Enquirer: 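What follows is a single structure, and I will ask about it in a moment.
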Amino acid sequence: ARPWRVEITCPDEAGAAAMTVTKRVFQGDRSLFELSSESGPKVHCATPSVERFRTIEAGQRVGARFRECRAIPADAA
């Protein structure tokens with residue numbers, strides 16, 4: 001997923017995948033997060049640099065909602 005199509009939410013929010021923040025990079029007017037799922041895949045998420053996202057730290061559990069993403073079933077690969 002492209003970083004701007006991944007939204008950080010509460011981990012227990014409906015429709016969100018539970019993830020762990022593995023990396024946080026401050027980039028001036030935005031922050032880039034690396035999120036890891038329990039099964040291993042990692043995704044990147046870009047957010048504006050606002051208070052809501054500035055408090056998120058590595059190791060924290062968050063939810064990730066994917067917008068306009070396409071998934072390919074494992075048996076089709």
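Numbering of residues begins at 1 and proceeds along the displayed sequence. Model, not experiment: these values are computed from the prediction.
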Enquirer: In plain terms, say whether E57 and K23 are close enough for a salt bridge, that is, a side-chain N and a carboxylate O under 4.0 Å apart.
Expert: no
Enquirer: How long is the straight-line distance from CE of M19 back to OG of S37, given to the nearest 0.5 Å?
Expert: 5.0 Å
Enquirer: To the nearest 0.5 angstrom, please state how far the SG atom of C45 sits from the CG atom of L35.
Expert: 5.5 Å
Enquirer: Flag yes if V62 and F26 sit in one hydrophobic cluster, no otherwise; membership is Ile, Leu, Val, Met, Phe, Trp, Tyr, and two members link when side-chain heavy atoms are under 4.5 Å apart.
Expert: no
Enquirer: Supply the atom-to-atom distance R61 CZ to I56 CD1, rounded to the nearest 0.5 angstrom.
Expert: 13.0 Å
Enquirer: So do R24 and S31 actually touch side chain to side chain, heavy atoms under 4.5 Å?
Expert: yes
Enquirer: For R65, check side-chain hydrogen bond (donor to acceptor under 3.5 Å, both in side chains) against everything at least two apart and list the hits.
Expert: E13
Enquirer: Which atom names give the shortest non-hydrogen contact between C10 and A16, and what distance separates them?
Expert: O-CB, 4.0 Å
Enquirer: Within a strict 4.5 Å, meaning less than it, do heavy atoms of the K42 and S36 side chains meet?
Expert: yes
Enquirer: With sequence neighbours excluded, tell me which residues meet side-chain hydrogen bond (donor to acceptor under 3.5 Å, both in side chains) with T55.
Expert: none
Enquirer: Has E38 got more than 12 heavy atoms of other residues, nucleotides or ligands less than 6.0 Å from its CD?
Expert: no
Enquirer: Looking only at atom types and distance, does a side-chain atom of T22 sit under 3.5 Å from a main-chain N or O of E34, one as donor and one as acceptor?
Expert: yes
Enquirer: Which distance, rounded to the nearest 0.5 Å, do you find between the CZ of R54 and the OG of S49?
Expert: 4.0 Å
Enquirer: Side-chain contact, heavy-atom cut-off 4.5 Å: F33 with V25?
Expert: no
Enquirer: Roughly how far, to the nearest 0.5 Å, is the CG atom of L32 from the OG1 atom of T47?
Expert: 8.5 Å
